[in-house]
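To keep things clear, I will list the structure first and then write my remarks on it.
For this chain, numbers begin at 1 and follow the sequence in order.
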Amino acid sequence: MREPILKAVAMPPRVFWAPMYPAVVNFSIQMGIMCVCTATFNMNPIYFIGTIAVSHAIIAAYSVREPHLSKMMLTFGPMATPSKNVYKDKGNKLAP
């Protein structure tokens with residue numbers, strides 16, 4: 001019996017061909033750097049359009065291989081802490 005695949009699961013949200021959360025994080029970091037450089041060094045903000053475009057293209061190219069990059073970023077936070085070993089042994093093991 002064939003069941004339909006939900007579009008939200010099959011294709012996560014995208015912004016200009018890049019996954020939503022990495023694109024938002026990239027844009028936020030780039031805008032912060034741009035504001036600091038503009039205020040500190042009196043740089044022209046036009047120079048940062050190229051860096052934003054290049055980094056966004058890199059994220060979009062990587063997302064072709066891994067389309068669920070947003071979910072990987074969201075789950076990395078809670079799972080980044082090492083697990084507690086059940087038994088004393090080298091490495092992280094949850095069970096023997």
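Using a 4.5 Å cut-off on side-chain heavy atoms (C-beta onward), Pro19 and Glu66 make no contact.
Judged as a side chain to side chain donor-acceptor pair (under 3.5 Å), and not counting sequence neighbours, Ser70 has no contacts. Every residue was checked against the side chain to side chain donor-acceptor pair (under 3.5 Å) condition with Thr38, not counting sequence neighbours, and none meets it. Not counting sequence neighbours, the partners of Ile29 by the side-chain contact (heavy atoms from CB on, under 4.5 Å) test are Val25, Ile33.
Nearest heavy atoms, Ala18 versus Ser63: CA-OG, 4.3 Å. Here the shortest heavy-atom pairing between Ile52 and Asn26 reads O-ND2, 4.1 Å.
Cluster partners of Val24, using a side-chain heavy-atom cutoff of under 4.5 Å among ILVMFWY residues and allowing indirect links, are Val15, Phe16, Trp17, Met20. Hydrophobic cluster membership of Val36, counting Ile, Leu, Val, Met, Phe, Trp and Tyr whose side-chain heavy atoms lie under 4.5 Å apart directly or via other members: none, as it forms a cluster of its own. Using a 4.5 Å cut-off between side-chain heavy atoms of Ile, Leu, Val, Met, Phe, Trp and Tyr, Val64 forms no hydrophobic cluster with any other residue.
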Contacts under 3.5 angstrom, residues 41-49 side chains, donor-acceptor by atom type, not counting sequence neighbours:
| residue | atom | partner | partner atom | Å |
| --- | --- | --- | --- | --- |
| Asn44 | OD1 | Ile46 | N | 3.3 |

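We find the CZ-CE distance between Phe27 and Met34 to be 7.0 Å, quoted to the nearest 0.5 Å.
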